[in-house]
Amino acid sequence: MKAHDGMYIDGAWRPAAGRDAIEVVNPADEQVIATVPAGTAEDVDAAVRAARAALPGWAATPPAERAARLTALRDVLVARKDEIAETVTAELGSPLAFSQAVHAGVPIAVAGSYADLAATYAFEEKVGNSTVHHEPVGVVGAITPWNYPLHQIVAKAAPALAAGCTIVLKPAEDTPLTAQLFAEAAHEAGIPAGVLNLVTGLGPVAGQALAEHPDVDLVSFTGSTAVGRRIGATAGAAVKRVALELGGKSANVILPSADLARAVNVGVANVMSNSGQTCSAWTRMLVHRDQYDEAVELAATAAAKYGDRIGPVVNAKQRARVRGYIEKGIAEGARLVAGGPEAPCEKGYFVSPTVFADVTPDMTVAQEEIFGPVLSILRYDDEDDALRIANGTVYGLAGAVWAADETEAVAFARRMDTGQVDINGGRFNPLAPFGGYKQSGVGRELGAHGLTEYLQTKSLQF
Ligand code: NAD
């Protein structure tokens, strides 16, 4: 795999300040496929200085020109989509068809949506005797996870660019090659020097240096709640803006009137997709007690069909963590109906698609984010009981409701403490705001709501 031996700072690939490197491993066969430099606070500082220097010019660039650069960026992503998919498959392990459709496809849609928004958004508005200007927040420190390597980057970089902000990106250590490819694409698209900068490196070193840097105006973080909490505290102490997209433990609520087989099959597919490494996955399936046994049987059959068709999880640590949760589920009395903790093959960080029945709301597998292909099926007595269980975690990122009548599903969804709900299998919408209630985060990404995270208002009175 192609890898740069440097950082992309101020429009060029420059040698890293230190000599440490990160090995990139293919999770499907455990082979080292590349190394990239592990950045230090010195690299981060150089990148932030470049972003600061580029800010006045980019902020003053007319929105139509920013839109043109974003259109060019989208076009480069389209032209290089096969390379993107192959790179994501190599460093994340997801099956190639999924990488093509989702890991390459979704960022193209999101980049395109921000090209449109940059061209059409009202960056200036009249409010009574005032003119309100929506101005860029400034220098953005973007810290991203590995689970959707390019999507997580584009969901921050595209709105930041549309708003007129400049960016220092610190991607996840497991998937730096996709991030390097993105920096190349930005360069090819004519994004001016210093507007987008990339520092690869470890979270507690490069990530922390970026989050703590006094010249960063907004830290936009996607990752675990544990790290997000620290970043939020650091930003709070510095009175600095912060956006946090954190963990989830979403509920898939199947009301008694729903098409049970469809709801269960789509629910299982949702959890197994990307090997369960999706923050918004519906990892808790809630089924009425009268339909419970039938749902469990359907889910077990559906999960067994996935077999080795799902990819590995990202690394050995993640595999050990997921297996640990499966063992804990068994120890706490959940009934294993598919999969289990044993390794399904000798090489690669694979975990069997796993389904637990007889899960009660207080069990660890029903409360904590596992981030692997593990589904818990819970039983409810009536709608109020279902709502109590659905809302009964510290998270509130996503969810699903199924019912014969859409109005019935919507009424239930409106009572859920969560940022988005798919009604009867509703499709992902790249323009709809994405983000969490409760400990799933602060702020929203995607669409116009995502753009406003990178803008601040200035009111002029006349
Ligand atoms: P993580 O928190 O370990 O890492 C995320 C990023 O933060 C990485 O780039 C990492 O290098 C960096 N980081 C780690 N420690 C840091 C520190 N002390 N200071 C600054 N940066 C640091 O998370 P992960 O394991 O890479 O990703 C999985 C998590 O991300 C899951 O909890 C998942 O739910 C969450 N996630 C949330 C969303 C969302 O939109 N809400 C989307 C995807 C993933």
Side-chain angles (χ1 to χ4, degrees), residues 22 36 38-39 41 44 91-92 102-103 106 110 141-156 168-176 178-179 198-213 216 219-235 242-250 271 273-283 313-322 325 368-372 393-399 418-420 428 430 432-446 449-450 453:
I22 295 172
V36 299
V44 168
E91 59 183 359
L92 180 68
V102 177
H103 291 299
V106 174
V110 173
I143 302 175
T144 55
W146 42 262
N147 65 336
Y148 288 86
L150 187 59
H151 169 67
Q152 304 293 5
I153 291 171
V154 172
K156 298 187 190 309
V168 176
L169 167 66
K170 206 302 283 174
E173 32 281 74
D174 287 297
T175 53
T178 307
L198 169 70
V199 176
T200 50
L202 301 177
V205 182
Q208 195 163 327
L210 184 57
E212 290 175 351
H213 200 291
V216 167
V219 181
S220 179
F221 170 83
T222 299
S224 60
T225 297
V227 175
R229 195 174 281 127
R230 288 184 54 178
I231 288 179
T234 305
V242 65
L244 304 171
E245 294 286 347
L246 309 176
K249 191 74 193 173
S250 299
V271 173
S273 139
N274 211 35
S275 304
Q277 303 166 121
T278 304
C279 50
S280 54
W282 314 327
T283 49
V313 297
V314 72
N315 58 33
K317 194 171 147 214
Q318 189 68 13
R319 179 182 57 184
R321 191 168 167 264
V322 176
Y325 272 116
E368 295 186 15
E369 183 180 53
I370 298 174
F371 231 54
T393 77
V394 297
Y395 295 115
L397 189 55
T418 191
Q420 45 268 304
F428 173 70
F434 182 93
Y437 278 32
K438 302 193 283 183
Q439 289 184 28
S440 285
V442 175
R444 293 291 180 267
E445 292 196 315
L446 304 182
H449 294 82
E453 295 284 332

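Every number for a ligand or one of its atoms is a count from 1 in the order of the listing. Since the structure is predicted, the reported quantities are computational estimates derived from the model, not experimental observations.
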Of all the atoms in ligand 1, which lie at a distance below 4.0 Å from a heavy atom belonging to [X]?
X: Pro145; value: 26 (O), 27 (O), 43 (C), 44 (C)
X: Asn147; value: 43 (C), 44 (C)
X: Pro171; value: 9 (O)
X: Gly247; value: 34 (O)
X: Gly207; value: 19 (N), 20 (C), 21 (N)
X: Gln208; value: 18 (N), 19 (N), 20 (C)
X: Phe434; value: 40 (O)

Determine, considering heavy atoms only, which of [options] sits nearest to [atom].
atom: atom 21 (N) of ligand 1; options: Gly141, Ala226, Gly203; result: Gly203
atom: atom 32 (O) of ligand 1; options: Glu369, Glu445, Gln277; result: Glu369
atom: atom 9 (O) of ligand 1; options: Val227, Thr175, Thr144, Ile231; result: Thr144

Review point. Do any non-hydrogen protein atoms sit less than 4.0 Å from atom 4 (O) of ligand 1?
Key: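 Within 4.0 Å of atom 4 (O) of ligand 1, no protein heavy atoms are found.
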Tested for side-chain contact (heavy atoms from CB on, under 4.5 Å) against Gln152, the lone hit among Leu169, Thr178, Asn147, Thr175 is Asn147
Between Tyr325 and Glu368, is any side-chain donor less than 3.5 angstrom from a side-chain acceptor?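 The answer is yes; a qualifying pair exists.
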Quiz item: Going by atom types only, do Lys249 and Thr393 share a side-chain donor-acceptor pair under 3.5 Å?
Solution: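 No, Thr393 and Lys249 have no side-chain donor paired with an acceptor closer than 3.5 Å.
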Given that the side chain starts at C-beta and the backbone is N, CA, C, O, which of these parts of [X] lies under 4.0 Å from ligand 1, counting heavy atoms, or is it both or neither?
X: Thr222; result: both
X: Thr225; result: neither
X: Ser224; result: both

Review point. Under a heavy-atom criterion of less than 4.0 Å, does Ala211 contact ligand 1?
Key: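 It does not, in that no heavy atom of Ala211 comes within the 4.0 Å cut-off of ligand 1.
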Shortest protein heavy-atom distance from [atom], along with the residue and atom involved:
atom: atom 37 (C) of ligand 1; result: Leu246 O, 2.8 Å
atom: atom 42 (C) of ligand 1; result: Cys279 SG, 2.8 Å
atom: atom 25 (O) of ligand 1; result: Trp146 NE1, 3.4 Å

